[in-house]
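Structure, as structure tokens:
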2 protein chains.
Amino acid sequence: MLIHGQEPDQATDHNNDQKIDQKIDQRMEQFKHVCKKSKVKITDQRMEIFREVALNLEHPDAETVLKGVRKRLPTVSLDTVYRTLWMLSDLGLINTLGPSRGRTRFDANLSDHHHFVCNLCGLTRDFYAPELSNINLPGEVKDFGDLEKVQVEVRGICNFCREELRKDETTEGVNYPYGTS
Amino acid sequence: MLIHGQEPDQATDHNNDQKIDQKIDQRMEQFKHVCKKSKVKITDQRMEIFREVALNLEHPDAETVLKGVRKRLPTVSLDTVYRTLWMLSDLGLINTLGPSRGRTRFDANLSDHHHFVCNLCGLTRDFYAPELSNINLPGEVKDFGDLEKVQVEVRGICNFCREELRKDETTEGVNYPYGTS
DNA sequence: ACATCTATTTATAAAACTTTTAAATATCCC
DNA sequence: GGGATATTTAAAAGTTTTATAAATAGATGT
């Protein structure tokens, strides 16, 4: 799927650039801190990959991240990008969009409903809450396009995965090397 | 990713079965009606594929749908399942979970934010709405597992795709054969 | 009910996406 | 700075999804 990059309406001015630089520096520090705490080595590749996702507000896929990173590190491989992105996700430094992890999934429930999604296995269950139907959205949302429906997505850890985690901890605890967040 | 099928807590009783049968019959009728209206042929494969997604509350992937359908039609191909599922999606009879369509996408924005998602191209943009942070969830949601965060997903058609649609309509109008819904 | 026209399915194969393997390299801790 | 060890790389294999062309089946008019 091609994402047509919709550029910000106004050219970013100098002040704005400075703000973004500050923010990204802050996030790089956070990244390094989490890596150290988790005993994960800080390599150039990992830094640039994290920087790339953090800077790209379009929620890029691995290929897009690769392209961006190669401007600075021409030899990185797609493999490393994938490994690093999943590692960042395990560390809780980034998230994936939707329950992803591979296969496309389909939903025939057209009635007004919402989703619980497990962050670990992707289990997705419906729930109903009529009171959520008339949520008040900020006006700017309409600027993105025509709105069709509003769905609430509750993320967490499902009962099954929580149990698995507990088991792993009491035995060896090597399955989720970077913690779960 | 494996989804461990969490079975419903109680065995469905006879009354319940009857209700489900009624509902699925209703949906099959709706399916046929939409197909006729859109001049799409009603084949056994399409009926069984639609029935399968409509019956499966776990939001199955194509492979899972294939397995289910093959119990009744042993010769269907995975290709047909994919083609049919995307067609059903174009017809507005089913949806996909998340912005899917292929590649996994990553999000480094950890702050409290929400998403606008284009149903056609998958474009996903962040928006902020602090007032949505303290949404009141129905108690049953906690039964699914441990909740971590709540994100609102607004779906629609982005400005770019709306424009593309308009163009197609005024020229030939063959790109979205089944309409857009 | 039958023939015909055309969309759809199937099997095969290819494309697209993601992960593994084993050798080469770079990081971190002393 | 040197050495143990995690990480990267390139190549290849594994998955998931889509395209191709021949065979089949639905729908329309009779």
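The structure displayed is predicted, hence computed values, not measured ones. Hydrogens, waters and symmetry mates play no part in the numbers below; they use all other heavy atoms, side chains included. Chain identifiers are assigned alphabetically (A, B, ...) following the order of the sequence lines, protein sequences preceding nucleic acid strands; residue numbering begins at 1 within each chain.
- A:Asn136 and B:Glu131 form no side-chain donor-acceptor contact under 3.5 Å, judged by distance and modelled atom types alone.
- By the 6.0 Å contact criterion, NZ on A:Lys149 is enclosed, its count of non-hydrogen atoms from other residues, nucleotides or ligands being greater than 12.
- Separating the CE atom of A:Met87 from the P atom of C:dT19 is a distance of 14 Å, rounded to the nearest angstrom.
- The CG-P distance, from A:Leu66 to C:dA16, rounds to 16 Å in whole Å.
- If you take CE of A:Met47 and C1' of C:dT27, they are 11 Å apart, rounded to a whole angstrom.
- Residue A:Leu73 contributes atom CG, which lies 14 Å from atom C1' of D:dT7 at whole-angstrom precision.
- One can place CZ of B:Arg105 at 13 Å from P of C:dC17, the figure rounded to the nearest angstrom.
- Between B:Phe127 and A:Phe144, the ring planes are tilted. Angles from 30° to 60° get that label.
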Which nucleotides of nucleotides 21-30 of chain D have their base under 4.0 Å from a protein heavy atom (B), which only their sugar-phosphate (S), and which neither (-), written as one string 5' to 3'?
-----BS---
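- Remark: B:Arg27 engages no residue in a salt bridge (Lys or Arg N to Asp or Glu O under 4.0 Å) (not counting sequence neighbours).
- Between B:Leu78 and A:Val76, it is A:Val76 whose nearest contact on DNA chain D lies nearer the 5' terminus.
- Counting heavy-atom neighbours within 6.0 Å of B:Lys142 NZ, excluding the residue itself, gives a total of 12 or less.
- Here B:Arg83 does not reach the OP1 or OP2 of D:dT18: none of its side-chain N or O atoms lies under 4.0 Å away.
- If you take CG of A:Asp90 and C1' of C:dT19, they are 15 Å apart, rounded to a whole angstrom.
- For the OP1/OP2 pair of D:dA10 and a distance below 4.0 Å, the side-chain nitrogens and oxygens of A:Ser77 include no atom meeting the criterion.
- Legend: ring-ring contact (aromatic ring centres under 6.0 Å, His included) pairs involving residues 35-55 of chain A, not counting sequence neighbours, sorted by first then second residue: A:Phe31-A:Phe50.
- Between A:His113 and A:Tyr128, the two ring planes are tilted [angle within 30° to 60°].
- Following rounding to the nearest Å, B:Phe106 (CZ) and C:dC17 (P) show an atom-to-atom distance of 13 Å.
- Within the 4.0 Å cut-off from OP1 or OP2 of C:dA16, not a single side-chain nitrogen or oxygen of B:Arg103 is found.
- Straight-line distance from the CZ atom of A:Arg70 to the C1' atom of D:dT8: 13 Å, rounded to whole Å.
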